[in-house]
Amino acid sequence: MGNSIIITRNLRKIYKMGKIEFSALNGVDLEIEEGEFVAIMGSSGSGKTTLLNMIGLLDFPTSGKIFLDNTDVATMDEQQCTSYRLKKIGFVFQFFNLLNELTGAENVMLPGMIKGNSNSREKALELLQLVGLKERAGHKPSELSGGQQQRVSIARALINDPRLILADEPTANLDSNSAMQVVNLLRKLRNEQNQTIVMVTHELELGKLADRIIWLKDGMVIKDEIN
Ligand SMILES: Nc1ncnc2c1ncn2[C@@H]1O[C@H](COP(=O)(O)OP(=O)(O)OP(=O)(O)O)[C@@H](O)[C@H]1O
Ligand SMILES: [Mg+2]
């Protein structure tokens, strides 16, 4: 299996709504190497978020296998999944999901505090510097632009030194300049910290900044291309 950090084998997800079933993933086979920056693309409803949620242990497949760090996640109990999510994965969402009552620095610190890190504040300030927002550490989300809020949320995703960053349309609510900045920041994390990044995007121009684009259609991989 080499140093693949993510492997999926014949991954399927069927959503059940009462008597109606919808098959959102139809046998996805993927291997993502440590340190790769991968974009997932495909039209609305093609299964991108579903796939990311499975990889992020936020939801579970109907059948098929997921290996993270060569561990079959089906063998992990709920506590092990939670712990893996908290320690090894950083999530970046489309709507930032920052807490409005907290400052930027406090938002970044929060997952570190939950994990019990004592030096979270110091680390949060370092990360805000990394994303170019040290001067804004005391600002609340409402006092930041969309692009700045997303960079705070990326700093937050990094607080526990994750090996994997999962970003679901992190630029969907940003103007094109801010979007470019955010994706370039993700590239920098891959280059400088060897982080593995999986980013869902609808913008081909942004997908081209990744190392590789995996295209989904109707819950299947239809193309997997190196940029
Ligand atoms: N909880 C759910 N219950 C039922 N069907 C769902 C559920 N979540 C997603 N689906 C369906 O599964 C399919 C894939 O959804 P998914 O959210 O993965 O698409 P996506 O590629 O992320 O789309 P978008 O680009 O619009 O975000 C869609 O047809 C959607 O309607
Ligand atoms: Mg989606």
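Order of appearance sets the numbers: ligands from 1, and atoms from 1 within every ligand. The basis for the numbers below is simple: all heavy atoms, side chains too, and nothing from hydrogens, waters or symmetry mates.
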*Does the N or O separation between Phe22 and ligand 1 drop below 3.5 Å for any pair?*
no
*Give yes or no for whether the N/O distance cutoff of 3.5 Å, strictly under, is met between Gly42 and ligand 1.*
no
*Within a distance under 4.0 Å of any heavy atom of Gly47, pick out the atoms of ligand 1 and give their elements.*
14 (C), 18 (O), 19 (O), 20 (P), 21 (O)
Name the closest protein heavy atom to [atom], giving the residue it belongs to and the distance to 0.1 Å.
{"atom": "atom 23 (O) of ligand 1", "result": "Gly45 N, 2.8 Å"}
{"atom": "atom 25 (O) of ligand 1", "result": "Lys48 NZ, 2.7 Å"}
{"atom": "atom 16 (P) of ligand 1", "result": "Thr50 OG1, 3.6 Å"}
{"atom": "atom 26 (O) of ligand 1", "result": "Ser44 OG, 2.6 Å"}
{"atom": "atom 17 (O) of ligand 1", "result": "Thr49 CB, 3.6 Å"}
{"atom": "atom 27 (O) of ligand 1", "result": "Glu169 OE2, 3.4 Å"}
{"atom": "atom 9 (C) of ligand 1", "result": "Tyr15 CE1, 3.3 Å"}

Classify the side-chain pair [X]/[Y] by whether it contains a donor and acceptor separated by less than 3.5 Å.
{"X": "Asn53", "Y": "Thr50", "answer": "no"}
{"X": "Asn10", "Y": "Arg12", "answer": "yes"}
{"X": "Gln150", "Y": "Ser153", "answer": "yes"}
{"X": "Ser23", "Y": "Asn26", "answer": "yes"}

[X] versus [Y], closest heavy-atom pair with distance:
{"X": "Asn160", "Y": "Leu86", "result": "ND2-O, 3.2 Å"}
{"X": "Asp29", "Y": "Arg9", "result": "OD1-CA, 3.2 Å"}
{"X": "His202", "Y": "Glu169", "result": "CD2-OE1, 3.2 Å"}

*Hey, is Arg212 close enough to Glu36 for a salt bridge, meaning N to O under 4.0 Å?*
yes
*Are Asp161 and Lys88 within salt-bridge range, i.e. N to O under 4.0 Å?*
no
*asked:* Please determine whether any non-hydrogen atom of His202 lies less than 4.0 Å from an atom of ligand 1.
replied: yes
*Considering only protein heavy atoms, determine whether one is less than 4.0 Å from atom 30 (C) of ligand 1.*
no
*Would you say atom 21 (O) of ligand 1 touches the protein, meaning some protein heavy atom is under 4.0 Å from it?*
yes
_Within 2.8 Å of the Mg ion (ligand 2), is there any N, O or S atom belonging to Thr49?_
yes
